[in-house]
Amino acid sequence: MASNSQLPYEISKEEDQSYTFVTKHGITYHAYFLDYNGYHPAFTDVYTFNIEPEDDRPHPIDKRIALTVVHILQMFFRRHENAMIMICDNLDGKEMKRERLFSRWFAAYNDGSIRKYDASVSSDNYMLYVSLYLHKANPRQQDLVRAFYELVKNELYPID
Amino acid sequence: MKTAVKKEEQKNVFRQMLDDKRAIRQCIQKKGDLKKLAETRGIKFATPV
């Protein structure tokens, strides 16, 4: 029998507009996209993406979660017009862990087709990390990158 | 003054996103109603895949 250890989990689309999958340890994850146009009118076809487990307790490392997230985002970027903005802060440490995990996944699984632009800012007592992801064939690439840095330039500093 | 207001608006965009993410996280962990949360907070969920 073929092993499924290298396969993403099966994804279900829920009525609440999230996508769910259940891991081999029985943990249900919700993956969701938010329309960034709701936050800033300059960004159409731009979304923020996140995954959340229903159970917040620590659980074993599961490579298939990464494969599932990668699979969702591969489908997302099949439409080259789609772009993604990710943001996290370090107030409670969890966001930073997410950001680092996501960056690791990006480094490991990006086949070169996705471009990433980073910025960060320190505020009174926290750091903000913001990243723009878009396909290299995105027809609005220049406009989006310009709008992204316009949004961040006064307070945030580009990360090389 | 205008620059200061614009800076605050830009920071508020990111701050709003983070606050929404936290609210969504709490809702998921408490097995709450995401649709209701979206209506209450004006969050626009999307299904682009």
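All values below come from the heavy atoms of this structure, side chains included, with hydrogens, waters and symmetry mates left out.
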**Student:** Would you say A/Trp105 ends up clustered with A/Leu134 if hydrophobic residues are merged whenever their side chains have heavy atoms under 4.5 Å apart, either directly or through other cluster members?
**Tutor:**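 Hydrophobic grouping puts A/Leu134 apart from A/Trp105.
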**Student:** Taking the side chain as C-beta and beyond, is there a heavy-atom pair between A/Glu54 and B/Lys31 under 4.5 Å?
**Tutor:**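 Result yes, sub-4.5 Å side-chain heavy-atom pair found.
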**Student:** By a 4.5 Å heavy-atom criterion (distance strictly below it), what part of A/Asn50 contacts chain B: side chain, backbone, both, or neither?
**Tutor:**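 Contact with chain B involves the side chain of A/Asn50 alone.
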**Student:** Quick check: closest heavy atoms across B/Ile28 and A/Glu52, and the distance to 0.1 Å?
**Tutor:**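 Closest approach of B/Ile28 to A/Glu52: CD1-CB, 3.7 Å.
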**Student:** Determine, using the 4.5 Å side-chain heavy-atom cutoff (strictly less than), whether A/Tyr117 and A/Ile114 are members of one ILVMFWY cluster.
**Tutor:**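 No, because A/Tyr117 and A/Ile114 fall into different hydrophobic clusters, even though each may have its own neighbours under 4.5 Å.
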**Student:** I'd like to know which of A/Tyr19, A/Phe76, A/Tyr36 tops the heavy-atom pair count under 4.5 Å against chain B.
**Tutor:**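 Top option by heavy-atom pairs under 4.5 Å: A/Tyr19.
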**Student:** Would you mind checking which part of B/Lys21 comes under 4.5 Å of any heavy atom in chain A, side chain (CB onward), backbone (N, CA, C, O), both or neither?
**Tutor:**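 Answer is both: backbone and side chain atoms of B/Lys21 are under 4.5 Å from chain A.
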**Student:** Membership question, hydrophobic clusters at under 4.5 Å side-chain separation (ILVMFWY): are A/Tyr39 and A/Leu144 in the same one?
**Tutor:**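 A/Leu144 clusters together with A/Tyr39.
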**Student:** Roughly how far, to the nearest 0.5 Å, is CD1 of B/Ile24 from NE2 of A/His30?
**Tutor:**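 Output value for this atom pair is 11.5 Å.
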**Student:** Heavy-atom cut-off 4.5 Å, strictly under: side chain, backbone, both or neither for A/Tyr32 against chain B?
**Tutor:**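 The side chain, not the backbone.
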**Student:** Could you list which of residues 39-49 of chain B have a heavy atom closer than 4.5 Å to any heavy atom of chain A, in residue-number order?
**Tutor:**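 Residues B/Ile43, B/Lys44, B/Phe45, B/Ala46, B/Thr47, B/Pro48, B/Val49 are the ones that qualify, each having a heavy atom under 4.5 Å from chain A.
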**Student:** Looking at side-chain heavy atoms only, is the closest gap between A/Ile87 and B/Leu18 below 4.5 Å?
**Tutor:**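 A side-chain contact under 4.5 Å exists here.
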**Student:** Any link between A/Phe33 and A/Val70 through a network of hydrophobic side chains (Ile, Leu, Val, Met, Phe, Trp, Tyr) touching at under 4.5 Å?
**Tutor:**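 Yes; tracing contacts between hydrophobic side chains, which count when under 4.5 Å, links both residues.
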**Student:** Supply the atom-to-atom distance B/Arg15 CZ to A/Leu128 CG, rounded to the nearest 0.5 angstrom.
**Tutor:**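 One finds 6.0 Å between CZ of B/Arg15 and CG of A/Leu128.
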**Student:** Please tell me if the side chains of B/Met17 and A/Thr48 come closer than 4.5 Å, counting only heavy atoms from C-beta onward.
**Tutor:**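 Result yes, sub-4.5 Å side-chain heavy-atom pair found.
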**Student:** Could you look at A/Tyr47 and say if it's the side chain, the backbone, both or neither that has a heavy atom under 4.5 Å from chain B?
**Tutor:**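 Looking at A/Tyr47, just its side chain touches chain B.
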**Student:** Same cluster for B/Val13 and A/Tyr149 if Ile/Leu/Val/Met/Phe/Trp/Tyr side chains link at under 4.5 Å?
**Tutor:**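 Cluster IDs for B/Val13 and A/Tyr149 match.
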